[in-house]
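Step one of this worksheet: look at the structure below.
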Amino acid sequence: MSIKIGIIGGTGLESDVNILTDVKQLKTEETPFGCPSDEYVTEGFIGEIPVIIMGRHGKDHNISPTNVNYAANLWTLKSNGCTHVLVTTACGSLKQQIAPGSLCIVDQYIDRTQGKRRNTIYTVSHIPQGLPFDRTLQVLIELLEESCAENGVEYHKRVTTVTIEGPRFSTLAESRLYQSWGCDIVNMTSVPEAQLAAEMGLVYAALALVTDYDCWHCDESESVCVELVDKRMKELKIKASKVLVSAVKKCSAINWQQIIDEKSQTAKNAIMCQ
């Protein structure tokens with residue numbers, strides 16, 4: 001079957017259109033859930049695969065994690081034919097071995113948002129989230145792992161993120177609490193993005209870009225701040241772009257029909273009231 005991949009770029013990758021060929025701008029429309037983050041998205045190709053790139057936080061990075069319209073962003077991609085969504089998300093490390101400058105393939109999340117974000121597109125949908133990043137299917141996760149290895153990028157798999165409300169960074173007490181829970185990283189955007197993607201029947205995976213050691217590390221030069229995140233993202237942007245390009249190209253060799261059918265059926269079965 002034909003597939004189309006949406007890429008949602010987080011901090012530092014809002015407008016990385018250099019990875020595409022045959023580039024054109026598409027004007028976005030208001031969705032049933034409001035307007036997406038940008039007035040325009042970028043369409044093109046990676047290899048033979050059609051791709052749409054959009055920035056999660058807007059072209060001027062003026063939308064906080066709380067105020068991102070996750071439903072509208074995903075709906076825009078789906079309504080433009082996307083079957084898959086690959087996203088990047090900046091994060092802080094909660095473990096010594098997950099060093100800043102490395103990438104993480106997210107496997108689980110713990111929700112520490114505060115109920116301010118729209119977390120469903122229905123009145124009632126009991127969408128399964130036991131394995132929110134499609135590990136049961138494995139295919140997309142394995143493609144990301146292979147792409148990291150082929151590009152010589154240090155990466156960590158089966159990673160659990162704790163998604164906080166933001167936009168402030170964690171207190172030291174919070175950071176230590178998340179460590180005691182066994183979390184690997186902390187970010188601000190996996191919730192509700194992962195569950196909304198599931199409700200829409202999209203094949204979804206997240207690549208986390210480690211910019212710092214949050215605020216728990218004894219080396220204060222690696223404690224999270226805006227300046228450090230901006231500096232580290234210049235390096236991580238290059239790595240992430242290479243991995244995404246490799247992963248998208250590999251998608252053309254996979255027969256996705258059964259996987260997409262299963263995702264669609266799961267989403268349909270979860271609806272209790274539209």
Side-chain angles (χ1 to χ4, degrees), residues 6-14 28-39 41 54-79 82 85-92 104 106-134 159-171 174-175 177-178 181 183 185-202 204-209 214 224 229 266-267 270-274:
I7 295 176
I8 299 178
T11 300
L13 284 123
E14 294 92 344
T28 59
E29 299 178 356
E30 186 170 358
T31 75
F33 316 105
C35 295
S37 293
D38 268 335
E39 186 179 359
V41 294
M54 72 186 314
R56 184 185 289 113
H57 300 284
K59 61 183 176 62
D60 298 319
H61 201 92
N62 59 350
I63 305 174
S64 75
T66 297
N67 294 324
V68 170
N69 193 332
Y70 297 93
N73 286 348
L74 291 164
W75 187 268
T76 296
L77 295 177
K78 185 174 177 65
S79 64
C82 290
V85 176
L86 290 172
V87 308
T88 63
T89 176
C91 71
C104 293
V106 185
D107 180 62
Q108 289 285 325
Y109 66 77
I110 292 176
D111 182 4
R112 287 281 289 176
T113 62
Q114 297 170 4
K116 300 176 182 179
R117 311 178 186 193
R118 182 185 187 121
N119 61 9
T120 182
I121 61 173
Y122 300 107
T123 302
V124 180
S125 172
H126 294 299
I127 192 71
Q129 286 286 269
L131 298 167
F133 297 92
D134 288 325
V159 166
T160 294
T161 186
V162 53
T163 300
I164 63 174
E165 186 62 55
R168 70 168 177 85
F169 296 126
S170 304
T171 67
E174 289 168 334
S175 193
L177 174 66
Y178 305 148
W181 290 348
C183 299
I185 59 174
V186 54
N187 78 342
M188 299 182 188
T189 57
S190 289
V191 180
E193 199 172 70
Q195 63 212 61
L196 291 172
E199 285 191 348
M200 295 184 196
L202 294 163
Y204 176 87
L207 192 64
L209 285 54
D214 202 38
V224 62
V229 171
T266 298
I271 302 169
M272 297 295 291
C273 180
Q274 294 195 355

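Of the listed residues (S37, C82, P36), just one forms a side-chain contact (heavy atoms from CB on, under 4.5 Å) with T76, and that residue is P36. Here the rule is side-chain contact (heavy atoms from CB on, under 4.5 Å) with N73, and of V85, V68, V87 only V68 fits it.
Separating the CG atom in L209 from the SG atom in C91 is a distance of 7.0 Å, to the nearest 0.5 Å. Taking CG of D107 as the reference point, atom OG1 of T161 lies at 11.5 Å (rounded to 0.5 Å). Here the straight-line distance linking atom CZ of F33 with atom CD1 of I121 works out to 4.5 Å at 0.5 Å rounding. In this structure, the separation between OG1 on T89 and CD1 on I185 is 7.0 Å, given to the nearest 0.5 Å. To the nearest 0.5 Å, the span separating OH on Y109 from OG1 on T189 amounts to 12.5 Å.
Residue L74 comes nearest to A197 through the heavy atom pair CD1-N, 3.6 Å, listed as atom of the first residue, atom of the second, then distance. Among all heavy-atom pairs drawn from A267 and A198, the shortest one is CB-O, 3.4 Å. Taking every heavy atom of both residues into account, A206 and F133 meet most closely at CB-CE2, 3.8 Å.
Within the 4.5 Å cutoff, side-chain heavy atoms of I164 are placed close to those of S170. Inter-residue side-chain proximity for L77 and I8 is flagged as met; some heavy-atom pair is nearer than 4.5 Å. Taking 4.5 Å as the limit, every side-chain heavy atom of R118 sits out of range of all side-chain heavy atoms of L196. A 4.5 Å side-chain heavy-atom check between V186 and S175 finds every atom pair outside the cut-off. Within the 4.5 Å cutoff, the side chain of C183 has heavy atoms near those of the I110 side chain.
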**OP:** Before giving the answer on side chain to side chain donor-acceptor pair (under 3.5 Å), spell out for S125 and T120 the whole-Å C-alpha distance, their side-chain angles and the decisive distance to 0.1 Å.
**Re:** CA-CA 7 Å; S125 172; T120 182; 4.9 Å; no
**OP:** Evaluate the side chain to side chain donor-acceptor pair (under 3.5 Å) criterion for residues T163 and N187: first the C-alpha distance (whole Å), next the side-chain angles of each, then the deciding distance (0.1 Å), finally the verdict.
**Re:** CA-CA 5 Å; T163 300; N187 78 342; 2.8 Å; yes
**OP:** Start with the C-alpha distance between Y70 and Q195, add both sets of side-chain angles, then the distance that settles side chain to side chain donor-acceptor pair (under 3.5 Å), and finish with yes or no.
**Re:** CA-CA 10 Å; Y70 297 93; Q195 63 212 61; over 6 Å; no
Subject >> Q108 and L131: CA distance, side-chain angles, deciding distance, side-chain contact (heavy atoms from CB on, under 4.5 Å) verdict >> reply: CA-CA 7 Å; Q108 289 285 325; L131 298 167; 3.8 Å; yes
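Side-chain N or O atoms of T28 include one that pairs as donor or acceptor with a backbone N or O of E39 at under 3.5 Å. Proximity of a side-chain donor or acceptor of R56 to a complementary backbone N or O of I63 within less than 3.5 Å is not detected. K116 places no side-chain N or O within 3.5 Å of a backbone atom of T66 that could act as its donor or acceptor partner. In terms of modelled atom types and a separation under 3.5 Å, the side chain of E165 and the main chain of Q114 share a donor-acceptor contact. Here the side chain of E193 pairs no donor or acceptor atom with the backbone of A71 at under 3.5 angstrom. One N or O on the side chain of R117 and one on the backbone of V191 form a donor-acceptor pair closer than 3.5 Å. When atom types are taken as modelled, the side chain of D38 and the backbone of K59 share a donor-acceptor pair closer than 3.5 angstrom.
The salt bridge (Lys or Arg N to Asp or Glu O under 4.0 Å) test applied to E174 returns R168, not counting sequence neighbours.
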